[in-house]
2 protein chains.
Amino acid sequence: MSPRERILAVASRLFYQEGIRAVGVDTIIAKSEVAKMTFYKHFKSKDLLVLEFLNKRDEQWRAWFEATVHRLAPKVKDRPLAIFDAMEERFSNKDFRGCAFINTMIEVANGDHVAHQAAADHKHKVEKTIRTLLSDAGIEKSEELSKAFLMLIDGAIISAVREGKPGSAKAAKKIASVLLQNQHSKEK
Amino acid sequence: MSPRERILAVASRLFYQEGIRAVGVDTIIAKSEVAKMTFYKHFKSKDLLVLEFLNKRDEQWRAWFEATVHRLAPKVKDRPLAIFDAMEERFSNKDFRGCAFINTMIEVANGDHVAHQAAADHKHKVEKTIRTLLSDAGIEKSEELSKAFLMLIDGAIISAVREGKPGSAKAAKKIASVLLQNQHSKEK
DNA sequence: AAATATACAGACAGGTCTGTCTACTGTCAA
DNA sequence: TTGACAGTAGACAGACCTGTCTGTATATTT
């Protein structure tokens with residue numbers, strides 16, 4: 001593993017686990033066993049490292065998400081509800097500490113900051129993925145429903161963090177299934 | 001206004017607006033026009049000030065919540081859905097920056113910290129209030145539904161922060177009304 | 001063998017953080 | 001008038017923050 005990869009790996013783990021403000025560059029440098037100048041050669045500033053962390057995590061998260069939903073639900077019509085089974089898997093991880101993008105957005109506070117933009121972009125992409133899952137399952141008016149699903153996901157994430165257990169995923173799934181039934185009965 | 005009240009008022013505003021870690025005691029001391037020793041006379045540490053901020057905000061928030069729901073919905077059966085109208089009022093405030101308890105919980109990270117306990121306590125109390133609103137409206141199985149409502153509220157809060165506009169409250173209300181209808185039709 | 005690139009170790013500057021301490025001022029009551 | 005009390009102003013300690021700088025070692029390429 002190259003120094004650059006070590007730095008990014010260590011930083012990603014610590015940023016997610018403890019928060020961005022809580023982790024200093026000195027800690028990252030020490031834990032990735034790298035010289036300070038090597039760090040600043042590869043990342044011009046801490047902010048740029050944060051940005052790279054967010055971008056990489058966005059890609060990895062969405063790749064995981066699509067793969068897991070497909071694994072859990074081979075049939076397209078089962079995939080919308082499988083979203084919440086995927087979330088439950090995530091919530092059950094012992095290192096789960098919520099959504100890195102929500103966390104960053106809250107930690108940074110300033111709405112103009114790049115981190116907010118990154119969080120907004122990430123969630124928009126996730127919402128688009130959900131919309132595709134819904135319309136592939138034959139659901140009309142998938143736009144409103146995908147926004148509802150995203151809200152349920154975020155609510156479930158917060159509940160899971162607060163309670164320290166993954167039960168909220170099942171509750172969210174139940175709500176989602178009611179919404180789908182409701183949508184279905186309206187179409188008839 | 002006594003020095004102590006000034007400190008707490010300034011701290012509360014800044015903690016909510018910018019985050020706890022982001023605001024140093026020096027800033028609080030300067031803005032509340034107080035000597036440093038006066039600060040430390042009234043609050044033994046920053047952590048204790050944070051705790052008092054959270055406790056006070058919990059009381060004020062719930063008082064506002066109950067009063068607003070009652071104002072918006074004089075009839076008991078209208079109150080469950082009025083919860084989301086109340087939230088929309090909150091989201092529309094220009095200083096809205098999410099839920100102070102969620103924010104604190106995320107910012108602090110460590111699950112054993114008092115702030116987590118405070119957030120958990122607050123949300124439990126809110127859930128209990130919601131459960132009462134539901135059962136007063138004649139809804140059975142209010143426990144499961146109150147948890148669902150809380151999840152919708154938290155999801156709507158996150159969406160509102162992310163989008164910077166209060167629209168998510170209406171979306172959450174729509175979902176809640178579907179849940180209520182569904183509950184109602186099951187009872188029949 | 002010499003030159004170049006990369007990474008190492010660690011001192012340093014300049015700033016911020018929490019919390020402590022001293023010395024001074026104004027007020028009120030015994 | 002004297003003493004207690006609450007508050008002010010500001011220096012200070014010690015830790016931590018980001019980012020820069022010097023000098024050295026190693027490895028690869030020419």
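Within every chain, numbering begins at 1; the chains are lettered A, B, ... in the order of the sequence lines, protein sequences first and strands thereafter. Quick caveat: nothing in here was measured; it's all calculated off a predicted structure.
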Cluster question for you: counting only ILVMFWY and a side-chain heavy-atom cut-off of under 4.5 Å, with indirect links fine, are A/Leu81 and A/Ile139 together?
yes
End axis versus end axis in the helix from C/dA1-D/dT30 to C/dA30-D/dT1, the angle rounded to 10°, five pairs used at each terminus
10°
Is it the case that the side chains of B/Glu5 and B/Ser2 hold a donor-acceptor pair, with the cut-off being a distance below 3.5 Å and no angle test?
yes
Salt-bridge present (B/Arg4, B/Glu52; N to O < 4.0 Å)
yes
Which whole-number value in Å describes the distance from A/Glu33 CD to C/dA7 C1'?
13 Å
Base C/dG10 to side chain A/Lys36, donor-acceptor N/O within 3.5 Å cut-off:
no
Atom NZ of B/Lys125: over 12 foreign heavy atoms under 6.0 Å:
yes
Nearest to the side chain of A/Asp26, which nucleotide is it out of C/dG19, D/dT8, D/dT18?
D/dT18
Sequence neighbours excluded, the answer for side-chain contact (heavy atoms from CB on, under 4.5 Å) partners of B/Phe65 is B/Trp61, B/Val69, B/Ile83, B/Thr129, B/Ile130, B/Leu133
Just checking A/Glu163: does its CD atom have more than 12 heavy atoms from other residues, nucleotides or ligands closer to it than 6.0 angstrom?
yes
Distance in angstrom units between B/Arg6 CZ and D/dT8 C1', rounded:
11 Å
Expressed as a whole number of angstroms, how long is the span from B/Phe39:CZ to C/dC21:P?
16 Å
Could you state the CZ-C1' distance from B/Phe43 to C/dG19, rounded to the nearest angstrom?
16 Å
Of the listed D/dT18, D/dC21, C/dA7, the closest approach to the A/Val25 side chain comes from D/dT18
Measure the distance from CE on B/Met37 to P on C/dC24 and round it to the nearest whole Å.
16 Å
Distance check needed: C/dC21 C1' versus B/Lys41 NZ, whole Å only.
16 Å
Taking only the side-chain nitrogens and oxygens of B/Lys46, find out if one of them lies under 4.0 Å from OP1 or OP2 of C/dC17.
no
A/Leu49 has an atom CG; how far is it from atom P of D/dC17, in whole Å?
15 Å
Roughly, in whole Å, what's the span from CD in B/Glu5 to P in D/dA6?
16 Å
Taking the minimum atom-to-atom distance to the side chain of B/Tyr40, which one of C/dT18, D/dG19, C/dC8 wins?
C/dT18
A/His42 side chain near C/dT6 phosphate (N/O to OP1/OP2, under 4.0 Å)
no
Salt-bridge test for B/Asp154 and B/Lys123: reply yes if a basic N is under 4.0 Å from a carboxylate O, no otherwise.
yes
